[in-house]
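Taking it in order: structure first as structure tokens, then the write-up.
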2 protein chains.
Amino acid sequence: MREKSRDMAAQQAGRTGRATAEDNAGTSRRRHPDMHTCEHCEARGFNMCNALDPNELARLAAIMSDQRFDAGTTFIEEGAPADDLFNLTSGTVKVFKLLADGRCQITGFMMAGDFLGLSRGGTYAYSATAITPVTCCRFQRPQLRGLFNELPKIERQMLGLAMNELMAAQDQMVLLGRKTARERIASFLLALSDRAVRRGRPGNPVDLPMTRGDIADYLGLTTETVSRTFTQLKGEGVIQLKGNHGVDIIDLDALVEIAGQEDRVACFHPFDQIA
Amino acid sequence: MREKSRDMAAQQAGRTGRATAEDNAGTSRRRHPDMHTCEHCEARGFNMCNALDPNELARLAAIMSDQRFDAGTTFIEEGAPADDLFNLTSGTVKVFKLLADGRCQITGFMMAGDFLGLSRGGTYAYSATAITPVTCCRFQRPQLRGLFNELPKIERQMLGLAMNELMAAQDQMVLLGRKTARERIASFLLALSDRAVRRGRPGNPVDLPMTRGDIADYLGLTTETVSRTFTQLKGEGVIQLKGNHGVDIIDLDALVEIAGQEDRVACFHPFDQIA
DNA sequence: AACAATCCTTGACCTGAATCAATGCGGCGC
DNA sequence: GCGCCGCATTGATTCAGGTCAAGGATTGTT
């Protein structure tokens with residue numbers, strides 16, 4: 001296996017390698033001015049605020065601050081004190097873990113509505129880097145904890161989100177443990193397409209904000225294999241590459257066939273999953 | 001890749017291939033007689049009943065039934081209507097997903113305190129087979145849902161459990177996507193050992209209730225590779241095999257080193273993770 | 001517009017784990 | 001106590017995907 005040096009790993013993790021939400025350039029933060037933003041929030045409808053009425057929303061808004069991160073900013077670092085919790089409102093974030101020698105596994109690409117900041121023993125369980133410019137709501141843990149007791153709805157909503165993530169993680173385990181490179185790429189494209197549709201965007205020209213290297217780190221492959229597989233699928237007339245950050249699905253049925261036709265259910269029934 | 005036939009896959013999934021909790025031989029079910037069992041429950045202390053007082057426990061006990069499954073019984077089948085939710089009280093269960101051609105990925109080995117029965121759109125998101133004889137509490141979803149509203153504590157407890165599972169799933173993604181066979185086996189043994197300790201059992205002679213094939217399906221390897229790697233580690237004096245279902249860790253430091261020394265934190269702070 | 005820095009693609013070759021193929025072993029039923 | 005059957009081990013060989021290496025295409029910058 002090819003070892004990336006620790007330096008490279010740090011670089012890869014973010015421009016400064018020690019970047020935090022606080023000390024980064026290209027970061028803006030302000031107290032939330034009013035509920036107006038919440039009501040026009042891109043993420044309303046599929047995030048943890050979904051079930052709240054305007055009054056409750058105001059209480060939530062009171063303890064949070066809006067934040068913006070430039071592309072490339074690592075605003076969560078595995079092992080750092082997990083002081084805050086983030087709720088994405090726009091942009092794409094890669095969540096990843098590094099091994100000591102620099103090998104990287106991206107565990108997910110997060111988008112509007114997803115929450116970030118899972119902690120294990122008081123420290124973050126993973127790192128997170130903005131792939132595009134990102135906006136999010138930021139909560140301090142103690143304050144959010146307090147609100148949990150008063151608004152159990154939030155807790156329930158989060159349980160639903162957590163369950164969805166857990167199921168996605170299990171699908172990803174199948175992909176990583178048992179699928180071929182070809183199947184992984186096909187599954188990945190379909191999953192991105194489905195996710196876009198679920199968020200009310202067009203599902204076909206699939207948007208790929210991440211690099212080939214990111215895709216590789218997500219699918220347990222190398223950049224070269226990702227690239228070769230794209231080329232192969234293009235040659236077969238299944239997809240068409242739209243520059244480096246877009247893919248046109250030409251033959252959806254073929255892609256589904258290649259992916260291994262597991263159940264691709266658009267799932268977002270917040271509580272249904274639990275009880 | 002070697003394709004297992006569909007028949008084999010079905011067989012592997014359970015003795016009958018169409019076994020459900022209802023129609024299985026070797027399955028016993030009865031209404032919960034009193035709280036006595038709950039109070040002596042092997043799983044108290046790390047399951048979803050943990051935070052309940054005796055009165056609340058009684059309400060939970062009222063809507064559940066005790067159940068027992070023989071080793072080899074598949075009592076949850078992916079895609080079947082997700083009517084029930086299970087909470088393990090003893091024994092070991094493998095949770096897995098099958099691809100159309102029979103390839104299998106085990107997403108987890110469940111033990112006392114773990115819950116089972118995650119659903120996606122009203123059907124089970126995975127299959128589950130008892131590896132050893134198993135006892136568990138069984139809940140019907142509608143009834144449990146009702147109780148959620150009255151006892152939000154349960155919901156919170158489940159959120160904690162779900163978060164823990166999510167973090168374990170992320171660790172597993174790193175393992176499946178980026179670790180070598182050697183590292184996977186070492187990590188697996190250490191994880192099993194840690195889990196035993198967390199459940200108040202000895203961490204050293206590691207108990208392996210599952211077969212080599214199960215381990216392979218969990219680690220994204222083949223039976224042969226698992227076997228060879230065990231043999232190799234034995235040859236290096238790192239472990240000692242105790243028959244087919246036990247491993248003695250001789251050189252813990254070496255094993256940790258081989259595993260890739262990621263943070264092995266014993267984590268069970270139910271809510272800490274969220275807020 | 002020219003440049004630099006990344007990112008992507010393609011080719012040649014290598015290797016870790018899969019596959020194919022026997023052979024050992026141990027627990028269980030009779 | 002004996003024989004069987006599923007599980008585990010071990011060996012020989014293959015191959016999917018990784019590694020190494022060289023250009024080519026984008027993107028952002030001055």
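The chains referred to below are lettered A, B, ... by the order of the sequence lines, with proteins before strands, and numbering in each begins at 1.
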Below 3.5 Å, can you tabulate the donor-acceptor pairs from side chains in residues 226-235 of chain B to any protein atom, sequence neighbours excluded?
unit_1, atom_1, unit_2, atom_2, d
T229(B), OG1, T225(B), O, 2.6
T231(B), OG1, S227(B), O, 2.9
Q232(B), OE1, R182(B), NH1, 3.4

Whole-Å gap separating P (dC7(C)) and CG (D217(A)): 12 Å

Check ion pair K94(A)-D217(A) (N to O, under 4.0 angstrom): no

N/O donor-acceptor pair under 3.5 Å between R195(A) side chain and G203(A) backbone: no

For nucleotides 5-9 of chain D, which of its nitrogen or oxygen atoms have a protein nitrogen or oxygen under 3.5 Å away, and what is each distance?
unit_1, atom_1, unit_2, atom_2, d
dA8(D), OP1, R212(B), N, 3.2
dA8(D), OP2, R212(B), N, 2.9
dT9(D), OP1, R212(B), NH2, 3.4
dT9(D), OP2, R212(B), NE, 2.8
dT9(D), OP2, S227(B), OG, 2.8
dT9(D), O5', S227(B), OG, 3.0

Whole-Å gap separating P (dG16(C)) and NZ (K179(B)): 18 Å

Partner residues of N244(B) under the side chain to side chain contact (heavy atoms under 4.5 Å, CB included) criterion, sequence neighbours left out: R212(B)

Qualifying residues under ring pair (Phe, Tyr, Trp, His ring centres under 6.0 Å), relative to F115(B), sequence neighbours excluded: none

Between C1' of dT6(C) and CD1 of I215(A), the distance in whole Å: 15 Å

Between dT9(C) (C1') and Q232(A) (CD): distance, integer Å: 14 Å

Salt bridge D66(B)-R138(B), side-chain N to carboxylate O under 4.0 Å: no

Partners passing side-chain hydrogen bond (donor to acceptor under 3.5 Å, both in side chains) against S90(A) (at least two apart in sequence or in another chain): T135(A)

Difference in axis direction between the ends of the helix from dA1(C)-dT30(D) to dC30(C)-dG1(D), five pairs, 10°: 50°

R199(A)/D114(A) salt bridge by N-O under 4.0 Å criterion: yes

Length of the line joining D101(B):CG and dT19(C):P, which is rounded to integer Å: 11 Å

Atom-pair distance (CG on L208(A); P on dC7(C)), nearest Å: 15 Å

Rounded distance in Å - CG (L233(A)) to P (dT10(C)): 13 Å

Nearest-Å distance for atom pair NZ/C1', residues K234(A) and dC8(C): 11 Å

dA17(C) phosphate, OP1 or OP2, under 4.0 Å from T225(B) side-chain N/O: no

Short side-chain N/O contact to dA18(C) OP1/OP2 from T222(B), under 4.0 Å: yes

Matching residue for V93(B) among I76(B), T132(B), V134(B) - test: side chain to side chain contact (heavy atoms under 4.5 Å, CB included): V134(B)

